[in-house]
2 protein chains.
Amino acid sequence: MSSIHDVAQAAGVSTATVSRALRGLPNVSEPTRLRIRGIADELGYVASSNASGLASGRTDTMGVAVPSVSRWFYTTVLEGVDSALRDAGFDMLLYNLASREGDRERTFHRTLLRKRTDAFIAIGVDFTSAERQQLLSLGHPILAIGGPVPGIRNIGVDDRAVARRATEHLIELGHRDIVHLGGPDDEGLNSRLPVDRRAGFMEAMREANLEIRDEWLLSGGFAVEASREVIAQVFRTSARPTAVFASSDEMAFGAVLAAQQSGLRVPEDVSVIGIDNHDMATSFGLTTIAQDPYAQGVLGANLLLGELRGEPARRTSIRADHELIVRESTAPPRRES
Amino acid sequence: MSSIHDVAQAAGVSTATVSRALRGLPNVSEPTRLRIRGIADELGYVASSNASGLASGRTDTMGVAVPSVSRWFYTTVLEGVDSALRDAGFDMLLYNLASREGDRERTFHRTLLRKRTDAFIAIGVDFTSAERQQLLSLGHPILAIGGPVPGIRNIGVDDRAVARRATEHLIELGHRDIVHLGGPDDEGLNSRLPVDRRAGFMEAMREANLEIRDEWLLSGGFAVEASREVIAQVFRTSARPTAVFASSDEMAFGAVLAAQQSGLRVPEDVSVIGIDNHDMATSFGLTTIAQDPYAQGVLGANLLLGELRGEPARRTSIRADHELIVRESTAPPRRES
DNA sequence: TTGAAAGCGCTACCAG
DNA sequence: CTGGTAGCGCTTTCAA
C-alpha cells in the first residue's frame, strides 16, 4: 500500500500537488496532473479515507438504518438509496437495527455516533426520544423514509389515505364482509404505520356504514406465513368474509395462498387487496395500492446529498405518491352467499 | 462534538489515559476509569473513527459486496454477517455491485479500495481477474459466500450435489418428464452456480436414463415472474411435464403460481421442487433442498473476525450443508398420462 | 502553478 | 498506573 508520499516522490512534486491533482482541483497544470495520475495508477495508490476524512472533516459516507434487510420495502428503498449514493461517489454504512434491545443501545453508541457519516437515513425505523436526541446532536442532515418518526422529516405515502383507497376499492365492488389483515410488525417496523393503515381501513368502513367485526381485525405481523395461518382460520369458519384487506402485499400473498389451500378461488370466492406493489404482486395477479420505494430512496438520498453540497435544507416532510393497480385478485362478491 | 482533549481536560488527566480508560484497556485504575467514563458520557463524547483508524490502522469495519439486495439468498446471508459483526462491534460497509459495468469499476476504485475496511466478504458475486487482483492486493482477509469465485476461498453448498438430490427426489417419485428451470441470473449472480446446478440435474437424469429435452431446459433468470411466464408456456403445450425442477425456490414459486393459474393442481397434476428453503417455501408448501444462508453468513463473518484477531488463516473452502425437505408440492405422477 | 507546514483527533510507545 | 509525545496520511491555508 503506497502512500501519497510515494507518489509525490516518484513524481517529483509535493504531496499537496498530488492531493490536488488526484482530486481534480484547479490550479494544477494539465501535464502535471496527467503525470501524477499515471504514477498513482502505476503504484496502485488509493487515498486512505481515514486520513482524508480526518483532515477534511468529510467522510463521503452515508449512514443508513433499517429494521431488517429481509423485507421487500426496506430493501427496495435501500437499492434506491444505494443507486443515488453510487452516482455521488458515496459509500454506505448499513445499520441493521433489528435485534435485541440492549444490542441496539450499543450499536448506537459504538457505531452510529462515531462521526463516520456525513448524513443519515432511517428506513422504517422507530427511535426512542433519547436516540433521536443523539442522532440530531450529530448535527448532520437526517431523514426518515417509510413510517413517520416524530421530530424527523420524512418521505413516505399517506398511510391512512392508502389504506382508505384500498378499502374503498373493495367496497365499490360491493363487498360488505371485509377482513382487516394488519397489525404490528415483529421485526420492528415503524409503529405508526400499521396503526395509520388500520385507521384508514376503519374510516372507509364506517363511511360506508359497514360493520367492523372485532374478530376480523387480524394481525399477520407483515409476514406471509403468519398471515396465511391466521387467514386460513377465518376461512374455516362458517361466516366467511368475501374480501380481505391486507396492510401489505406480503400479507396479501399469505391470504391468497390460504385461500387456494382452502379450496377457495380468488377472486371468485374471495377478493384480496394489498398495499405496496411488491415485486411478486404481478405473479400473484394481486390488486394493490402501489408505491415506489426505490424512487423514495433515490429522492431521499439526493435530498441529503444536496444539503451536503450546501443546498438549503428542507424542513418539511414529503408525501410520496400511491396508485391503485387493479389486477385479478379482486372482483365483485358472488350474489347469494 | 467534543474531542478527547475536552474529556482529558475536564477529568484532569492526559488524553492517553482517556483513550485507555474508554477502550477498557488495562493499566487504568478503576476510580479513574469510572470518572472518565462519566465525564465522557456527560459531554457526549464519542471517539472519531477516522482519527482512531488512522492512528491504529484498524477500522473495525467489514466490507460486504452483494450483487443485489433484493434477493432472499443475499439478504439472508447479509443478516447473518450483520449479526456476527454486531456482536463483534464491527460496522458494515455495503457495496451493491449490481448495475452498469462502468459504474462498477469506479466503485472498485473509489470506494472498495480506500482502506476503509479490515476484511471483506463477497456474497454471490463474480469478480474479473483484475478486480480479484485489486482485492487481494488489499492484503486483508477475504472470503466469498455463495457461488465459488476462482482464487478466493468460499463458503457454500455443493451446487451440483444439491441439484442432483432434488432431481433424484423427483425421479424416485416416479417422474420421467421433468423440466429444468434455471439459467443465468440477470442481476449478476455468480455465474458458476446456475451451470453447476444444471450439471447436477443432468447427471441425475442421465443416470436414470431419462431424456433431457432441449425445449425443457428453461431459464427463469432466478426470478419469480420470468419463471412463471416461461413455465406457463410449457404448461400450455400438449406434452406437459409431470414435474418441474427449479434451481431456486423463487423460480419454483413462479412454477407453482403458473400451475395454479393454468388450472393445474400441485402436486396432483404437476410436482415442483426448488432449492434454498426460502422464507416463503413453507407458505407455498414447497418441497425443496434447504440450505442455511444465515448460518453461512455468521460462519463467514466469524471466520474473518477470527483471523483479524490473529487466528491462523484457513485457506480452503467450506462446504455448507443441505437437506431435502419434503412438503406438499411433490408427489408421484398420476398413472396414465 | 507549486511547495512548506500546520494540523485533523486519536493511538501507542516510552518514561516515570 | 499515568503522562508526554511522535506520528498515522491526508487536506488546507499561506507563501513563493
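In what follows, every chain begins at residue 1, and chains take the letters A, B, ... in the order their sequences are listed. Reckoned from all heavy atoms, side chains included, excluding hydrogens, waters and symmetry mates.
The side chain of A:Thr17 approaches C:dG3 more closely than any other nucleotide in the set D:dC1, D:dG3, C:dG3. Between C:dT1, C:dC10, C:dA5, one nucleotide has an atom nearer to the side chain of B:Tyr45 than all others, and that is C:dC10. If you check D:dT12, D:dG9, D:dT5 against the side chain of B:Thr15, the one that comes closest is D:dT5. Looking at the side chain of A:Val28, the nearest of the listed nucleotides D:dG9, D:dT2, C:dT2 is C:dT2. If you check C:dA5, C:dG9, D:dG3 against the side chain of A:Ala16, the one that comes closest is C:dA5. Of the candidates D:dT11, C:dC10, D:dG9, D:dT11 carries the atom nearest the A:Ser52 side chain, counting heavy atoms from C-beta on.
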Applying side chain to side chain contact (heavy atoms under 4.5 Å, CB included), run through B:Ile318 and B:Asn154 and close with a yes or a no. CA-CA 6 Å; B:Ile318 299 179; B:Asn154 101 312; over 6 Å; no
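Note: B:Phe127 and B:Phe120 have tilted aromatic rings, judged against thresholds of 30 and 60 degrees for the angle between ring planes.
The distance between atom CG of B:Asn27 and atom C1' of C:dA15, rounded to the nearest whole Å, is 14 Å. Rounded to whole Å, the distance from CG on A:Asp6 to C1' on D:dG9 is 11 Å. A:Ile4 has its CD1 atom 14 Å from the C1' atom of C:dT2, to the nearest Å. Rounded to an integer number of Å, the gap from NZ of A:Lys115 to C1' of C:dG9 is 9 Å. Note: CG (A:Leu54) to P (D:dC8) measures 13 Å, nearest angstrom. The nearest whole Å value for the distance from the CG atom in A:Asp60 to the P atom in D:dC10 is 15 Å. D:dC1 atom P lies 15 Å from atom CZ of B:Arg35, rounded to whole Å. Rounded to whole Å, the distance from CD on A:Gln9 to P on C:dA4 is 12 Å.
Between B:Thr75 and B:Arg71, the side chains place no donor N or O within less than 3.5 Å of an acceptor N or O (distance only, hydrogens not considered). Under the 3.5 Å distance criterion, with hydrogens and angles disregarded, a donor-acceptor pair is assigned to the side chains of A:Ser49 and B:Arg116.
Distances shorter than 4.0 Å separate none of the side-chain N or O atoms of B:Arg20 from OP1 or OP2 on C:dC10. Between A:Ser56 and D:dT11 there is no side-chain polar atom (N or O) within less than 4.0 angstrom of OP1 or OP2. Remark: A:Arg23 is in phosphate contact with D:dT12, judged by side-chain N or O atoms under 4.0 Å from OP1 or OP2. Taking only side-chain nitrogens and oxygens, A:Ser48 never comes nearer than 4.0 Å to OP1 or OP2 of D:dG9. Using a 4.0 Å cut-off, no side-chain N or O of A:Ser19 falls inside it from OP1 or OP2 of D:dC10.
Within 4.0 Å (heavy atoms only), B:Ala47 reaches sugar-phosphate atoms of the nucleic acid but no base atom. Among the protein residues, B:Arg58 comes within range of the sugar-phosphate backbone only, with heavy atoms under 4.0 Å from sugar or phosphate atoms but none that close to a base. Within 4.0 Å (heavy atoms only), A:Thr32 reaches sugar-phosphate atoms of the nucleic acid but no base atom.
Just one residue in the list B:Arg315, B:Arg314, B:Arg153 forms a salt bridge (charged side-chain N to carboxylate O under 4.0 Å, His left out) with B:Glu307, and that residue is B:Arg153. B:Leu304 pairs in a side-chain contact (heavy atoms from CB on, under 4.5 Å) with only one of the listed residues (B:Leu299, B:Val81, B:Leu85, B:Leu143), which is B:Leu143.
Nearest-nucleotide positions on DNA chain D place B:Val13 closer to the 5' end than the other of B:Ala51 and B:Val13.
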